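Data first, discussion second: the structure below is written as structure tokens.
Because the structure is a prediction, the values reported are computed rather than measured. Below, all heavy atoms of this structure are taken into account, side chains as well, without hydrogens, waters or symmetry copies. Chain identifiers are assigned alphabetically (A, B, ...) following the order of the sequence lines, protein sequences preceding nucleic acid strands; residue numbering begins at 1 within each chain.
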2 protein chains.
Amino acid sequence: MKDKQVDLVFSVLAHAARRRMLDLVMQAPGISVSALGTHFDMSRIAVLKHIHVLEKAELLISKKEGRTRHLYFNPIPIQMIYDRWTTQYSAFWSSHMADIKDRVETRAAGKRGSKRA
Amino acid sequence: MKDKQVDLVFSVLAHAARRRMLDLVMQAPGISVSALGTHFDMSRIAVLKHIHVLEKAELLISKKEGRTRHLYFNPIPIQMIYDRWTTQYSAFWSSHMADIKDRVETRAAGKRGSKRA
DNA sequence: CAGATAGGTAACCTATTCGTTACCTATGAA
DNA sequence: TTCATAGGTAACGAATAGGTTACCTATCTG
């Protein structure tokens with residue numbers, strides 16, 4: 001998987017609306033563009049643009065039937081990044097996991113005010 | 001973890017140079033800004049800006065000693081997203097895993113390590 | 001056919017991103 | 001003190017992102 005493709009997938013995921021679109025399509029495979037659009041507080045055109053971006057990153061696949069475009073989630077790019085990610089960070093994680101777990105749990109335990117850095 | 005924070009982390013990771021910076025800092029904890037900069041074909045200022053973005057997303061932590069800023073990798077935000085991700089997509093993955101696994105392995109052709117989500 | 005419905009393009013506007021150069025500040029060493 | 005070095009700000013510019021309105025095309029249905 002090339003850098004450019006990884007860039008694209010990450011940048012696509014960097015927008016809450018698009019992440020939500022993926023969720024919705026995952027939950028309702030074959031949903032139409034307009035049906036998807038009803039869940040968002042933006043124009044139909046904006047939704048359409050997001051769909052185009054998602055398709056360009058191959059996170060969505062669409063199939064047009066008649067006048068309706070049906071949308072499907074494609075997990076492969078995310079799967080790829082997931083694999084790469086675990087490989088890339090697992091060494092660090094495993095060697096620091098006790099420490100991290102401790103810090104996360106300390107923060108979760110009600111220490112709100114003091115952020116590190 | 002709020003949407004905005006997730007947006008930020010993903011957008012930060014959507015740049016190959018920044019991903020590489022994380023790798024480098026992970027491999028050389030405490031590296032200085034200028035030492036990090038030698039690995040990149042861009043001005044020192046551009047590197048500095050990327051570092052600021054990484055710090056804003058809390059993927060890097062820095063500590064200044066004298067005139068030198070030492071950089072450290074903070075895995076927590078990635079860990080957070082990783083957890084969310086696996087939760088969010090694992091249902092889909094597991095229900096389609098045979099299919100996906102088959103396709104992925106066909107491409108990987110001999111690579112080891114089928115991860116379970 | 002007429003009209004409603006689903007999708008799609010084009011043009012435009014504003015904010016942000018990512019890089020630059022120029023210049024400033026703080027620290028360490030000779 | 002003097003000067004090189006590490007870091008940092010400010011201002012700018014080109015490109016891209018993310019939204020809008022206006023308008024067009026295709027298809028289904030009464």
Side-chain angles (χ1 to χ4, degrees), chain A residues 2-25 28-72 77 117, chain B residues 2-22 24-25 28-73:
Chain A
K2 292 202 197 79
D3 264 355
K4 285 290 174 193
Q5 173 70 3
V6 177
D7 286 10
L8 188 56
V9 173
F10 274 124
S11 67
V12 161
L13 292 171
H15 197 295
R18 287 192 291 252
R19 291 194 301 274
R20 199 143 60 82
M21 284 180 188
L22 289 182
D23 294 346
L24 289 163
V25 172
I31 192 173
S32 71
V33 172
S34 47
L36 185 63
T38 63
H39 295 86
F40 295 88
D41 191 25
M42 63 177 82
S43 73
R44 186 180 56 84
I45 314 302
V47 171
L48 201 55
K49 282 193 184 181
H50 283 304
I51 288 172
H52 289 330
V53 171
L54 285 159
E55 284 191 294
K56 195 171 161 197
E58 299 182 64
L59 287 164
L60 280 189
I61 294 167
S62 73
K63 194 163 59 175
K64 195 163 182 179
E65 273 170 39
R67 59 183 168 176
T68 305
R69 179 172 299 283
H70 298 281
L71 302 171
Y72 302 90
Chain B
K2 294 203 198 76
D3 264 356
K4 285 289 174 193
Q5 174 70 3
V6 178
D7 286 10
L8 189 56
V9 174
F10 274 124
S11 68
V12 161
L13 292 172
H15 197 295
R18 287 193 291 251
R19 290 192 302 274
R20 199 142 61 83
M21 284 180 188
L22 289 182
L24 289 163
V25 172
I31 191 172
S32 70
V33 172
S34 47
L36 185 62
T38 63
H39 295 86
F40 295 89
D41 191 25
M42 63 179 83
S43 73
R44 184 181 58 83
I45 313 303
V47 171
L48 200 55
K49 283 194 183 181
H50 283 303
I51 289 172
H52 287 149
V53 172
L54 285 158
E55 284 192 292
K56 195 171 162 197
E58 299 183 62
L59 286 164
L60 281 189
I61 293 167
S62 73
K63 193 163 60 174
K64 195 162 180 180
E65 273 170 38
R67 60 181 167 177
T68 304
R69 178 172 299 282
H70 299 280
L71 302 170
Y72 302 90
F73 173 62

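Nucleotide C:dT27 holds its C1' atom 9 Å from the NZ atom of B:Lys64, rounded to whole Å. Rounded to an integer number of Å, the gap from A:Met42 CE to D:dT20 P is 7 Å. C:dT21 atom C1' lies 15 Å from atom CG of B:Leu48, rounded to whole Å. One interatomic measurement links the two molecules: CG of A:Leu60 to C1' of C:dG7, which rounds to 16 Å at whole-angstrom precision. Note: NE2 (B:His50) to P (C:dT17) measures 12 Å, nearest angstrom. In this structure, B:Arg20 places its CZ atom 15 Å from P of C:dC18, rounding to the nearest Å. Protein atom CZ of B:Arg44 is 12 Å distant from nucleotide atom C1' of C:dA22, rounded to whole Å. If you measure from atom CG of A:Leu54 to atom C1' of D:dA17, you get 14 Å, rounded to the nearest angstrom.
Of the side-chain N and O atoms in A:Arg18, one or more sit less than 4.0 angstrom from OP1 or OP2 of D:dG18. Applying the 4.0 Å criterion to OP1 and OP2 of C:dG19, one finds that B:His15 has a side-chain N or O inside that range.
Across all strands, B:Lys49 comes closer than 4.0 Å to base atoms (heavy-atom distances). As judged by a 4.0 angstrom heavy-atom cut-off over every strand, B:Ser11 is placed among residues making no nucleic acid contact. At a threshold of 4.0 angstrom between heavy atoms, the contacts of B:Ser34 are confined to the sugar-phosphate backbone, with no base atom among them.
For the pair A:Leu13/A:Leu22, a side-chain contact is recorded, criterion being any heavy-atom separation below 4.5 Å from C-beta on. At a threshold of 4.5 Å between non-hydrogen side-chain atoms, the residues B:Arg19 and A:Asp7 count as touching. Put simply, the side chain of B:His39 does not reach to within 4.5 Å of the side chain of B:Val47, judged on heavy atoms.
Here the side chain of B:Ser43 is nearest to one of D:dC28, C:dT9, C:dT20, namely C:dT20. When distances run from any side-chain atom of B:Arg67 to the nucleotides D:dG8, C:dG28, C:dG19, the shortest one goes to C:dG28.
With hydrogens and angles ignored, the 3.5 Å screen pairs a side-chain donor or acceptor of A:Arg18 with a backbone N or O of A:Ser11.
The nearest pair of heavy atoms linking A:Asp3 to B:Ala16 is OD2-CB, 3.4 Å.
When each of B:Ser32 and A:Ile45 is assigned the nucleotide of DNA chain D with its nearest heavy atom, B:Ser32 is the one assigned upstream, toward the 5' end.
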